[in-house]
Amino acid sequence: KLRKWQARTRIITSVERNLAQAMNELDRLSDILNLPSYVKEEAARIYRNAVEKGIVRGRSIESIIAATIYLACREMKVPRSLDEITRHTRVNRKEIARCYRLLLRELRIKVATTDPVDYVPRIVHGLGLPGQAVKIAIEIINKAKEQGVTGGKDPAGLAAAAVYIAAEQLGEKRTQKEIAHVAGVTEVTVRNRYKELAKILGLEYE
Amino acid sequence: MSSIPFKTSYRVENIVATVILEHDLDLELIETRIPSITYKPDQFPGLIFRLDKPRATALVFKSGKMVVTGTKSTQQLVEAVKKIIKTFVKNGVNVHGRPRVQIQNIVAGGDIHAYVNLEKAAYHLEDSMYEPEQFPGLIHRMRDPRVVLLIFSSGKMVITGAKEEVEVERAVNNIARQLYKAGCIVGPRLGEEE
DNA sequence: GCTTTAAAAAGTAATCT
DNA sequence: AGATTACTTTCAAAAGC
C-alpha cells in the first residue's frame, strides 16, 4: 500500500511538473507575442483539456504550447500566423502544425478560416498609415470575396495587397517590399494578389 | 434524379505496389552487378532501382520484398515487375517462383469542372480541414470509399489511399454530388458547362 | 515517429537573369 | 518582372532504428 501511494505521488508530481513547465512556456510566448490575457487564458484551458485527453503524450511541451496558442488565436480571431509563433520557438513549423491538427481532431474543434480582414489593422498600423486605410482595405477584401477569388489564397497575402491599394488611393503609397515585410509574405505574393485585386476592381495599372 | 449538372473525370497518376518474391536477395551482389543503382544501408535498408521503359522505381529489400512506384496502370505495373526480374536474372541474380504483386495505394487526379467554395465546403463536409495559410487545398477524409481527397477551388483534386481504380471513380462522383447538394459549387469553369 | 520512392493539385518562396 | 526550381499537403508499403 505504501508502494502504491508513492507511485501515485510520483505521477501527480510529474503531471504538475509538466503543467508548470507548460505554463512557463505559455507565459514566455504570450509576452513575446503580446497576446491579450483572454487568449492566454484560452490557450491554458485548451492545454489542460489536451492533457486530460492524453494528447500531450510523447510530444514536446514547446510544440503543444505553440499549437495551443495558435488555436486560441484562431478561436479568438487574434491574427498571429503560424510562422510568427514558430519564429519564437526552437521547434519547426511542421511539428507545430502537426500538433495543431491533432488538437483540432482530438478535441473535435471546428475553427473558421482566418479572415484576411483580421490582418488589416496590424498591417495598417505597422506602416503608420491613417486609420482610414483600414476601412478601404476591408471593402476591397469583401469585394474580392464576393467575386470568389480568395479560395486557397493566403489571407495575409490578400490583406497585404488590399492595404497596398488602400494606401495608394489615399496618396500614401508604400513599396511592396515594405508591405510584404510587415505582412510576413514576399513581394512576389503581394504583387500577384495586387494584380488580381486590381483586375476585379477595374483598376488600371501602368 | 440527383444527376449533377457537370461532368467529372479522373486519371490515375501513380500506383504503389508491393512485390513479394519467394526467397531472400543479396543486395550487395545486385549492387555490384547492376550499374545505376543506389544503395546506402546506413540511410535506408532498401536499394533503389530505376526503370526507364515503363517509368518506375523499385525499392528492393533483402527479404525478397520490393515496393514498386511510379506506374500509371496495372499493365505498366506488371510490365515493370517483369522487367525488373528479367534484369536481375540477366545479371546473374537468380530469382525463382512467381512474384506476388499487390497494389497498396493509387494516387489520381480528379476534376469536377466547376469552381468550388472551399470555405463553405469545409463547413458542410465532416472530417475535412481547410487551412489556406498552410495549404491551398481542402483535405477531406471520405469514409466510403475510404480515401483522402485534396480539393482545390478550381474543382480539380487529388485522390489518394485507394487500392482499386473503381474507388477513385466513386470518390470523385461522391464528392461532386455532396458538394452540389451542399451548394458549394460556384459555377462552371472557364468555357465549360453542362 | 523517422528514413526512401512517386505523383497530382495550387500557393508561396528562394534564386537567377 | 519573369523563369526555374523547390517546398507545403495527402497515401501506402518495405526493414530497422
Side-chain angles (χ1 to χ4, degrees), chain A residues 57-60 63 81-83 92-95 97-98 101 150-158 160 176 180 183-196, chain B residues 10-21 24-25 27 38-51 55-72 76-77 80 101-111 116 118 128-142 146-163 167-168 171:
Chain A
R57 289 182 215 171
R59 264 155 260 270
S60 79
S63 307
S81 72
L82 200 52
D83 282 315
N92 54 312
R93 202 204 64 160
K94 205 169 179 175
E95 177 60 21
R98 199 171 292 149
R101 286 176 215 130
T150 59
K153 270 88 169 190
D154 182 354
L158 286 164
Q176 296 183 341
V185 297
T186 64
E187 313 87 290
V188 179
T189 296
V190 175
R191 199 176 303 131
N192 290 336
R193 295 303 133 246
Y194 168 69
K195 286 178 187 170
E196 289 177 355
Chain B
Y10 72 91
R11 183 200 319 214
V12 173
E13 298 287 354
N14 182 33
I15 294 176
V16 179
T18 48
V19 176
I20 302 177
L21 301 179
D24 290 5
L25 291 170
L27 300 190
T38 307
Y39 183 40
K40 295 182 180 178
D42 319 314
Q43 192 177 110
F44 190 69
L47 67 74
I48 303 162
F49 183 55
R50 290 164 206 283
L51 265 194
R55 216 186 142 212
T57 300
L59 303 180
V60 185
F61 301 88
K62 64 180 189 296
S63 63
K65 292 184 178 179
M66 335 191 275
V67 174
V68 178
T69 61
T71 60
K72 297 185 187 300
Q76 273 180 34
L77 171 62
V101 182
Q102 198 175 351
I103 292 177
Q104 301 290 162
N105 182 31
I106 294 176
V107 181
D111 197 350
V116 179
L118 298 181
S128 68
M129 165 172 269
Y130 173 48
E131 296 281 333
E133 302 181 78
Q134 292 161 56
F135 189 69
L138 158 0
I139 303 164
H140 176 241
R141 281 154 217 285
M142 188 176 277
R146 197 128 201 116
V147 298
V148 173
L149 298 97
L150 305 184
I151 307 164
F152 300 86
S153 64
S154 63
K156 291 190 178 183
M157 60 189 75
V158 172
I159 303 88
T160 185
K163 285 208 159 44
E167 294 178 321
V168 173

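Quick caveat, the model's predicted, so the values are computed rather than measured.
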Item to check | Min side-chain heavy-atom separation B:I151-B:Y130 under 4.5 Å | outcome: no
Checklist entry - Mind checking whether B:L59 and B:I48 have side chains closer than 4.5 Å, heavy atoms only? => result yes
Checklist outcome for this item: Nearest-nucleotide check on DNA chain D, B:F135 vs B:T69; residue mapping nearer the 5' end is B:F135
Checklist entry - Nearest heavy-atom pair of A:K153 and B:P132: which atoms, and what distance? => result O-CB, 3.5 Å
Checklist entry - With nearest nucleotides of DNA chain C determined for B:N105 and A:E187 from heavy-atom distances, which residue corresponds to the more 5′ nucleotide? => result B:N105
Checklist entry - Which part of the nucleic acid, if any, lies within reach of B:K40 when heavy atoms closer than 4.0 Å are counted: base, sugar-phosphate only, or nothing? => result nothing
Checklist entry - Mapping A:D83 and B:P45 to their closest nucleotides on DNA chain C, which lands nearer the 5' end? => result B:P45
Checklist entry - Hey, where on DNA chain C does chain B first and last touch, going 5' to 3'? Cut-off is any atom under 4.0 Å from a heavy atom. => result C:dT3 to C:dG11
Item to check | B:L77 CG - D:dA12 P separation (whole Å) | outcome: 18 Å
Checklist entry - When we call it a touch if two heavy atoms are under 4.0 Å apart, what does B:G46 touch: a base, just sugar-phosphate, or nothing? => result nothing
Checklist entry - Base, sugar-phosphate alone, or nothing: which one does B:R11 contact when heavy atoms must sit under 4.0 Å apart? => result nothing
Checklist entry - Within the structure shown, what part of the strands sits under 4.0 Å from B:S154 by heavy-atom distance: base, sugar-phosphate, or nothing? => result sugar-phosphate
Item to check | Distance test, side-chain N/O of A:K94 to OP1/OP2 of D:dC7, below 4.0 Å | outcome: no
Item to check | D:dA3 to C:dA7 separation - P atoms, rounded to the nearest Å | outcome: 25 Å
Checklist entry - When rounded to the nearest 0.5 angstrom, what distance separates CG in A:N92 from CZ in A:R98? => result 7.5 Å
Checklist entry - Are B:M142 and B:L149 side-chain neighbours, meaning at least one heavy-atom pair lies under 4.5 Å? => result yes
Next on the checklist: Between B:R146 and D:dA12, is there a contact of a side-chain N or O with OP1 or OP2 at under 4.0 Å?
Outcome noted: no
Next on the checklist: What is the separation between atom CG on A:N92 and atom C1' on D:dC7, rounded to the nearest whole Å?
Outcome noted: 14 Å
Checklist entry - Of B:V67 and A:R191, whose closest DNA chain D nucleotide lies nearer the 5' terminus? => result A:R191
Item to check | A:R101/B:E131 ion pair, N-O < 4.0 Å | outcome: no
Checklist entry - What is the distance, rounded to the nearest whole Å, between atom CE of B:M66 and atom P of D:dA14? => result 14 Å
Item to check | Pairwise P distance for D:dC7 and C:dT3, with rounding to whole Å | outcome: 13 Å
Checklist entry - Rounded to the Å, how far apart are B:Y130 OH and D:dT10 P? => result 16 Å
Checklist entry - Contact class for B:S153 (heavy atom, under 4.0 Å): base, sugar-phosphate, or nothing? => result nothing
Checklist entry - Counting any heavy atom closer than 4.0 Å, what does A:R59 reach on the DNA or RNA strands: base, sugar-phosphate only, or nothing? => result nothing
Checklist entry - Given D:dT9, is OP1 or OP2 found less than 4.0 Å from the side-chain N or O atoms of A:R101? => result yes
Checklist entry - NA contact type, B:I103, heavy-atom cut-off 4.0 Å: base, sugar-phosphate, or nothing? => result nothing
Checklist entry - Does the pair B:L77 and B:V101 meet the rule for a side chain to side chain contact (heavy atoms under 4.5 Å, CB included), with working shown? => result CA-CA 9 Å; B:L77 171 62; B:V101 182; 3.9 Å; yes
Item to check | Protein-nucleotide distance (B:L27, atom CG; D:dG16, atom C1'), rounded to Å | outcome: 13 Å
Checklist entry - Which part of the nucleic acid does A:V185 contact within heavy-atom distance under 4.0 Å: base, sugar-phosphate only, or nothing? => result sugar-phosphate
Checklist entry - Just how far, in rounded Å, is P of D:dT8 from CG of A:L82? => result 14 Å
Checklist entry - Do B:D24 and B:K62 come close enough that some side-chain heavy atom pair is under 4.5 Å? => result no
